[in-house]
S.K.: 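For reference, the structure I am asking about is given below.
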Number of protein chains: 2
Amino acid sequence: MAAQRGQRNGVGVTPPAPTAAEITTPIPRVTEVPAARERARAIPEAAVARLAVYLRVLSGMQEHGSGTVSSEELAAAAGVNSAKLRKDLSYIGSYGTRGVGYEVAVLIEEIERILGLTRKHSVAVVGIGNLGHALANYGGFPGRGFPVTALFDVDPDLVGVPVGGLPVGHIDDIARVCAEREVSIGVIATPPPAAQAVCDRLVSAGVQCILNFAPVVLQVPDHVEVRKVDLAVELQVLSFHVARRADNAAVLAEANGRAANGRAVDGMVVS
Amino acid sequence: MAAQRGQRNGVGVTPPAPTAAEITTPIPRVTEVPAARERARAIPEAAVARLAVYLRVLSGMQEHGSGTVSSEELAAAAGVNSAKLRKDLSYIGSYGTRGVGYEVAVLIEEIERILGLTRKHSVAVVGIGNLGHALANYGGFPGRGFPVTALFDVDPDLVGVPVGGLPVGHIDDIARVCAEREVSIGVIATPPPAAQAVCDRLVSAGVQCILNFAPVVLQVPDHVEVRKVDLAVELQVLSFHVARRADNAAVLAEANGRAANGRAVDGMVVS
DNA sequence: GCCTGTGAACGGCTTCACAGCG
DNA sequence: CGCTGTGAAGCCGTTCACAGGC
């Protein structure tokens, strides 16, 4: 995956072009917790994403009645190695028992706390086409905690039509409706040309987190967090691997032909 | 986001536990191109994903009639810094002109070549629910080059029904149909419990690249490439940022209260 | 003079390996 | 003795800064 992250906006880094705010505000204000005082906020983004995966695996284990897991078991189920898993868990605290493992219920609780899943996050979906429909019908979104509370589109024929039990609103009402329903996450599922404008509207409406399905690089202020899901990119990355595989196969055929008599390098089934 | 990648299976690295193949195969076969001989295969995965983004931006520029771009312009449009862009492009060769920039047409061609987009990649979608419908209707998939040539589901009511102009096939025919239509990419859009079984079937059918939308960690052989798109994870990562923001805001309110008289750290609008 | 291409420095994530504790 | 928790090492991707050409 692939997340869209802006420049790291580290404190003290000179930005390419100073923003208006920086020029016109003579008295700076503390806007980032000083490194010394950061309260374990040092969880790598990659680890955060994995924590979400562990959480899902743990939920499955809890349903199957497991009370305890070792790092080895959990790691296998999550598709990572156990050292990485233990490191990831160590970022959120020490909730395991040496010689035994982790209590499933405890881990679930702690991960949910860290991920902020104890509070509900109201979601708005903008763009009720094929994808928007699918998203709206997900119904409450994965694992609960992300209720879809607003749908928007420009098409007048769609406005008012209920999708997934929720009537579609007109895009011009974004600001008002998002404020009323305290939307904290905006999902953009519009055609590419509309995406930036929709994004701007969401941002002015106070939405600070955006999940973007449109194949467009969104420009947003520093305080807004964007993650993107880009089908074209995913397919093209896979395409790259297909091509690489084909190339390697060609080279390997040749290599194996040449070095047919002696041992070569190392073995691994390639089909 | 976030790609699912197995252990790096580097040549010469002792695996945690030797596989059956390694134990029972006395004569190893070359299955990976030796480091010395690798033909610029050293493109970081992250760079590959960005190349796909550059490609899209470049296509837009070409339509708007631009013949040339500087690294600065292209980088801005793609949302990265220019150093990274130049580094990424350097992985595929030296196609720029010093003092001038890059020719749009040339870059497009070279990136397409590297990404393997000169050949078509036939796509099969499995699981024709909400999401599957949306994917099938994308019609030919982004930017051409990824024609959807097969749809599958278990539901007998769906089999035979045309979706996006293509009749849905039964899941039991995966192997035959994928072979016939030379499917190189399988897309899994099934409910979670079915995902692993579908994946296994795709793999036995010879599909080596999988795009997984099901919230499940797929277990696949080493030679199969899996990328996953995980809505729950994306939302939970955003949730984490919401929570972090809230925490910081609390701490900052306190900090600004305390240090109200003197300058603090550095400025940046936080809303 | 300007912009590309890239070695080198840097930083952050991953892996290792073992101390620490139940 | 087993498994967690973690400093340290290693590795890889990003950023810097400037040499190299046009």
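Here the structure is a predicted model, which is why all the values come from computation and not from measurement. Throughout, a chain's letter reflects where its sequence line sits, starting with A, and its residues are numbered from 1.
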S.K.: Mark yes when over 12 heavy atoms from residues, nucleotides or ligands other than E109(A) sit less than 6.0 Å from its CD; otherwise mark no.
M.R.: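 Atom CD in E109(A) is not packed in, count stays at 12 or less.
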S.K.: Between A46(A) and G99(A), name the one whose nearest nucleotide on DNA chain C is closer to the 5' end.
M.R.: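 Between the two, 5'-proximity favours A46(A).
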S.K.: Which sits closer to the 5' end of DNA chain C, G96(B) or A83(A), going by the nucleotide each is nearest to?
M.R.: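 Whichever sits nearer the 5' end wins; that is G96(B).
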S.K.: Distance check needed: dC22(D) C1' versus E103(B) CD, whole Å only.
M.R.: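 Result: 15 Å.
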S.K.: For L89(A) and L51(A), run side chain to side chain contact (heavy atoms under 4.5 Å, CB included): C-alpha distance rounded to whole Å, both residues' side-chain angles, the deciding distance at 0.1 Å, then the answer.
M.R.: CA-CA 8 Å; L89(A) 292 183; L51(A) 284 172; 4.1 Å; yes
S.K.: Taking CG from D88(B) and C1' from dT14(D), how many angstroms apart are they, rounded to a whole number?
M.R.: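 From D88(B) CG to dT14(D) C1': 10 Å.
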S.K.: Is the phosphate of dT15(C) approached by K84(A) (side-chain N or O, under 4.0 Å from OP1 or OP2)?
M.R.: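 Answer is yes, contact under 4.0 Å.
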S.K.: Quickly work out the R50(A) CZ to dT15(C) C1' distance and round it to whole Å.
M.R.: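 Between C1' of dT15(C) and CZ of R50(A): 12 Å.
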S.K.: Distance check: side-chain N/O of S71(A) vs OP1/OP2 of dT4(D), anything under 4.0 Å?
M.R.: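 Answer is yes, contact under 4.0 Å.
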S.K.: R98(B) has a side chain; which of dG13(D), dG20(C), dT4(C) sits nearest to it?
M.R.: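 Per side-chain heavy atoms of R98(B), the pick is dT4(C).
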S.K.: Grab the CG-C1' distance between L107(B) and dG5(C) for me, whole Å please.
M.R.: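 So the two atoms are 13 Å apart, to the nearest Å.
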S.K.: Respond yes when some side-chain nitrogen or oxygen of Y102(B) is under 4.0 Å from OP1 or OP2 of dG5(C), and no when none is.
M.R.: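 Yes, within the criterion.
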S.K.: State, yes or no, whether a side-chain contact exists between L202(A) and V224(A) at a heavy-atom distance under 4.5 Å.
M.R.: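 They are not in contact (no side-chain heavy atoms under 4.5 Å apart), so the answer is no.
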S.K.: Ignoring the backbone of K87(B), work out which of dG5(C), dT4(D), dG7(C) is nearest its side chain.
M.R.: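 The listed nucleotide nearest to K87(B)'s side chain is dG7(C).
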S.K.: Do R50(A) side-chain atoms and D88(A) backbone N/O form a donor-acceptor pair below 3.5 Å?
M.R.: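 No, R50(A) side chain to D88(A) backbone: no donor-acceptor pair under 3.5 Å.
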S.K.: Just how far, in rounded Å, is P of dG5(C) from CG of L85(B)?
M.R.: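 In whole Å, dG5(C) P and L85(B) CG are 10 Å from each other.
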S.K.: Quick one about Q236(A) and H121(B) (side-chain donor to acceptor, distance below 3.5 Å, no hydrogens or angles considered), yes or no?
M.R.: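 Judged by distance alone, the side chains do not pair up.
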S.K.: Write down the distance between CG (L51(B)) and P (dG13(D)), rounded to a whole number of angstrom.
M.R.: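 From L51(B) CG to dG13(D) P: 13 Å.
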S.K.: Name the closest nucleotide to the R86(B) side chain, picking from dT6(D), dT6(C), dT14(C).
M.R.: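 It is dT6(C).
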S.K.: What is the distance from CD of E73(A) to C1' of dT4(D), rounded to the nearest Å?
M.R.: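 That distance rounds to 14 Å.
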S.K.: Take the protein atom OH of Y91(A) and the nucleotide atom P of dT4(D), then report the distance between them rounded to whole Å.
M.R.: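 My rounded result for the distance is 17 Å.
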S.K.: So which one's nearest nucleotide on DNA chain D is more toward 5', N81(B) or T97(B)?
M.R.: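 Closest to the 5' end, via its nearest nucleotide, is N81(B).
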S.K.: For dC3(C), take OP1 and OP2 only and decide whether either is under 4.0 Å from a side-chain N or O of S70(B).
M.R.: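 Answer is no, no contact under 4.0 Å.
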